[in-house]
Asker: 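One structure, pasted below without further comment.
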There are 2 protein chains.
Amino acid sequence: MSPRRVTLADVAKTAGVSPTTASLVLSGRGRELRISQDVEQRVLKAAAELQYRPNIVSVGLRTGTTRTIGFISDTVATTRLAGDMIKGALEAARERGFMLFIGETEGDAELERLLLQAMHDRQVDGIILASMYTRTIKVPKAMAAAPAVLLNALPKQPSPLPSVVPDEIEAGRVAARALLDAGHREGIHLIGAGPARRNLPAGGSVAAVERLIGIREVLAEAGVKPAGGHVCPDWQPEYGLALTRALLEKERPQALICFNDRLALGAYQALDDFGLKVPGDVSVVSFDDHPIASWMRPQLTTVALPHYELGRKAVDVLFTEIGRDREDDGGQGEVHRVPMPIRVRESIASRSA
Amino acid sequence: MSPRRVTLADVAKTAGVSPTTASLVLSGRGRELRISQDVEQRVLKAAAELQYRPNIVSVGLRTGTTRTIGFISDTVATTRLAGDMIKGALEAARERGFMLFIGETEGDAELERLLLQAMHDRQVDGIILASMYTRTIKVPKAMAAAPAVLLNALPKQPSPLPSVVPDEIEAGRVAARALLDAGHREGIHLIGAGPARRNLPAGGSVAAVERLIGIREVLAEAGVKPAGGHVCPDWQPEYGLALTRALLEKERPQALICFNDRLALGAYQALDDFGLKVPGDVSVVSFDDHPIASWMRPQLTTVALPHYELGRKAVDVLFTEIGRDREDDGGQGEVHRVPMPIRVRESIASRSA
DNA sequence: CAGGTTTGCTAAATCGGATTAGCAGTGCGA
DNA sequence: TCGCACTGCTAATCCGATTTAGCAAACCTG
């Protein structure tokens, strides 16, 4: 098939030196180890001519570092939104010459264990354990075998692992502020959770809890009380439709804070059914910045999940973990929060006070 | 950090035999090489007790096989649809104990070269080169270095590489048949390409060409002539909206064949603007089975891109490539076509003849 | 000019397995 | 009873790098 790979021995031979010398020069340690200029040049020239590239498998065996990191998620690769997380991680890794192994667990703990094993068998330098949606997870014991980071997830039990999550509380604040800034003070309804802290969908999504906290905090500070909150079992379009429809049958809201874009899609349909215009009659703000948000008419103003940035950040944090001295047991479960930017589009109208 | 990995030497020692013997037993060659039952049992027991797992990096160095395959795409991981392709590949690979490296090129040839290098440096056993949307690509020379498969892509120049693509011609036939079966014979408009073979969007998408062929073939066989075809530069919702709107200003179609779901989304909006109901007034059939297809109201009937199956198939084909004897230069650029299933939903109404 | 440094490079060991060659011990036939 | 085949296991080598230990030649120095 291909003409056998060029090895260090080949380079050494054409440069007329020992493999040791060639290795020294190519690893940049020639200087400190007193290799002559002449020899250094010969080696460099030979390597360039032969297009030598070290065999990373071999290096991995000798040094234990494979310039590879494992990315395990429940089902991240499959969804557009969370796919960006992989992309961010991919690029950040590539910038440092690292490759990514990916694996999906489907939420199956046994599969997770298997993947972790498979990656350790391949001597990955570190592992990113990601969740598709922000939540708390049980950290598998096997994670202890290498530097690791939790992405879009928090440890259920106290853990020394650092985690990277979107700043959902601040996102809640931002959404609420967007409405307040537009002059809305009354008739603000929450679709998906609320109005009280305990009114949450089942499943313990971190997003629900924290978005609600942020929203309530900002509204409270402004002396505004949400006109209503509406919980549903799952944040899908059909619930957005049903909830909003039920709401419209009783009263006429001024603004909706939908807990995600899929709910907002349903809400749009309900508003349309009742002949109400967005944002003329009702303003809508939402969360996630799902691709449909910019396809909806009018385009939806939404607080974006920064998936790409989350992925990058996870790699950054992982590298500091890898760099950390193995003895040094510092960094106890630090939580890194990535800001969620608001995408201002067309679904909020300002209302004169 | 972790207690050093258990090695073959450890197993050998606790079993009281040489590493050679342990290796023989564990690789299943103990039988043919006349290792006694007793020793075999001791080794097996020791391996189990110590939870021995071979270091794949080491095996890779010695045997050249790393049980790893590389998956390079232009930007596949990021889109939901094509993300399924990765998922299919991932699962098919895992079933055989293989892991996937993934990389994205962003269409950058230099980056592609770099990724290919990085993967070869890591001794991957094979490579899948994937495209987000079906098209012809220039096969990089570096692909020759290992078994490889083209996924969702065809070689621009003749190439010995096999490829795996969706069967778009048949998809075109299926879509057209769906309309014919529902009794539509007139007023069928094509949104996105046609009516003649040469009326195609720029960019040379394989989907456009082949879907059109299939559609025209089936309509022609039934003696039906499309009432019109409408080309646009890109298959985005806004063009679907504009094209359909322009069409509706002139006439009242009976059915639309949209060349993808995003166009269909725009068409829905235009129809709604004109007060026309789907499917009562106008039937719509489309392609891709994008997630929005089932969110639209009424839900869109569409011929699905079988991304998951494509991914699996690519891995299957890659394994036969890997299995192929290196001397044997058989299999010259075989093209594997994966069927596209129609998702019958609510957007086609039957019309009595 | 003997003894100690420096300089500049290389031999050999190592990582963790797979693989090839070979070595004791036993049994059997002549 | 000697030689040969067979049985059952092990020593040694290899994969392709990195790294440690060390060696010859040149250079000082008193």
Side-chain angles (χ1 to χ4, degrees), chain A residues 2-44 46-47 50-68 97 120-123 125, chain B residues 2-44 46-47 50-68 120-125:
Chain A
S2 56
R4 193 184 50 81
R5 265 186 87 93
V6 174
T7 72
L8 183 62
D10 297 327
V11 173
K13 198 184 304 168
T14 69
V17 299
S18 73
T20 305
T21 306
S23 173
L24 257 24
V25 169
L26 293 174
S27 62
R29 310 206 305 141
R31 259 300 120 69
E32 68 187 85
L33 281 173
R34 316 162 302 204
I35 300 294
S36 68
Q37 295 276 342
D38 172 47
V39 167
E40 177 166 349
Q41 288 310 312
R42 286 211 317 269
V43 171
L44 257 20
L50 299 177
Q51 302 202 54
Y52 169 70
R53 322 203 74 239
N55 180 330
I56 297 193
V57 173
S58 170
V59 175
L61 179 57
R62 181 62 232 255
T63 67
T65 164
T66 51
R67 305 184 74 71
T68 297
H120 284 141
D121 290 350
R122 286 169 179 76
Q123 303 262 75
D125 296 323
Chain B
S2 54
R4 193 184 52 80
R5 265 185 87 92
V6 173
T7 72
L8 183 62
D10 297 327
V11 174
K13 198 186 304 169
T14 67
V17 299
S18 73
T20 304
T21 305
S23 173
L24 256 24
V25 169
L26 293 174
S27 62
R29 310 207 306 140
R31 260 299 119 70
E32 67 187 88
L33 281 173
R34 314 162 304 204
I35 301 293
S36 68
Q37 296 275 343
D38 171 50
V39 168
E40 176 166 350
Q41 288 310 314
R42 286 212 317 269
V43 171
L44 257 20
L50 300 177
Q51 302 203 53
Y52 168 72
R53 322 203 74 238
N55 181 329
I56 296 194
V57 173
S58 168
V59 175
L61 180 57
R62 181 63 230 252
T63 67
T65 165
T66 51
R67 304 183 74 71
T68 296
H120 284 141
D121 291 350
R122 286 169 178 76
Q123 303 261 74
V124 294
D125 297 323

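Note that the coordinates shown come from a computational prediction; the quantities given were computed from them, not determined experimentally. Throughout, a chain's letter reflects where its sequence line sits, starting with A, and its residues are numbered from 1.
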Asker: Could you please name the option among D/dG16, C/dC9, C/dG17 that lies closest to any side-chain atom of B/Leu61?
Answerer: D/dG16
Asker: Looking at A/Thr66 and A/Gly60, what are the two nearest heavy atoms and their distance?
Answerer: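 The answer is CG2-CA, 4.0 Å.
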Asker: Give the residues of residues 17-26 of chain B touching DNA chain D, defined as any heavy atom closer than 4.0 Å, sorted by residue number.
Answerer: B/Val17, B/Ser18, B/Thr20, B/Thr21
Asker: So, does the side chain of A/Arg62 form a donor-acceptor pair with the base of C/dT14 at under 3.5 Å?
Answerer: yes
Asker: Tell me which nucleotide among D/dG16, C/dT19, D/dT18 gets nearest to the side chain of A/Val59.
Answerer: D/dT18
Asker: Rounded to the Å, how far apart are A/Leu8 CG and C/dT14 C1'?
Answerer: 15 Å
Asker: Heavy atoms only: give me the nearest B/Arg42-B/Val17 pair and the separation to one decimal.
Answerer: NH2-CG1, 3.6 Å
Asker: Report yes if at least one side-chain N or O of B/Ser58 is closer than 4.0 Å to OP1 or OP2 of C/dA18; otherwise report no.
Answerer: no
Asker: Would you mind reading off the distance between A/Glu32 atom CD and D/dT20 atom P, rounded to a whole angstrom?
Answerer: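 Those two atoms, CD and P, are 11 Å apart.
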Asker: Nearest whole Å is fine: how far is D/dG8 P from B/Arg29 CZ?
Answerer: 17 Å
Asker: So for the helix from C/dC1-D/dG30 to C/dA30-D/dT1, with five pairs setting each end axis, what is the inter-axis angle to 10°?
Answerer: 80°
Asker: Rounded to whole angstrom units, what separation is found between the CD atom of A/Gln37 and the P atom of C/dG8?
Answerer: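 Taking CD of A/Gln37 and P of C/dG8, I get 10 Å after rounding.
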Asker: Check every strand shown and say whether B/Val39 touches a base, only sugar-phosphate, or nothing at a heavy-atom separation below 4.0 Å.
Answerer: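 Counting heavy atoms under 4.0 Å across all strands, the contact made by B/Val39 is with sugar-phosphate only.
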Asker: Looking at the side chain of B/Tyr52, which of D/dA17, C/dA18, C/dG17 is the nearest nucleotide?
Answerer: C/dG17
Asker: Quick check on DNA chain C: between B/Thr63 and B/Arg34, whose nearest nucleotide comes earlier from the 5' end?
Answerer: B/Thr63
Asker: I'd like to know if the side chain of A/Arg5 reaches the main chain of A/Arg53, judged simply by a donor and an acceptor atom lying under 3.5 Å from each other, with no hydrogens or angles considered.
Answerer: yes
Asker: Rounded to the nearest Å, what distance is computed from the CZ atom of residue B/Arg67 to the P atom of nucleotide C/dA18?
Answerer: 12 Å
Asker: Tell me, do B/Arg122 and B/Thr68 make a side-chain contact under 4.5 Å, heavy atoms counted?
Answerer: no
Asker: Answer yes or no: does atom CD of A/Gln51 have more than 12 heavy-atom neighbours from other residues, nucleotides or ligands under 6.0 Å?
Answerer: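 Check fails, neighbour count at 12 or below.
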Asker: Measure CG/B/Asp10 against C1'/C/dC15 and give the value in whole Å, please.
Answerer: 13 Å
Asker: I'd like to check A/Leu8 versus A/Leu26 (side-chain heavy atoms, cut-off strictly below 4.5 Å). Are they in contact?
Answerer: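 With C-beta onward as the side chain, the pair touches.
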Asker: In whole Å, I'd like the distance from the CZ atom of B/Arg122 to the P atom of D/dA17.
Answerer: 14 Å
Asker: Got a donor-acceptor contact below 3.5 angstrom from the A/Ser23 side chain to the A/Pro19 backbone?
Answerer: no
Asker: With a 4.5 Å heavy-atom cut-off, do B/Asn55 and B/Thr7 have their side chains touching?
Answerer: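 When only atoms from C-beta onward are counted, B/Thr7 and B/Asn55 do not touch, as no gap falls below 4.5 Å.
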Asker: For residues B/Leu61 and A/Ser58, report the shortest heavy-atom separation together with the two atoms involved.
Answerer: CD1-CB, 3.8 Å
Asker: Can you check the B/Arg53 CZ to C/dG16 P distance for me, whole Å?
Answerer: 16 Å
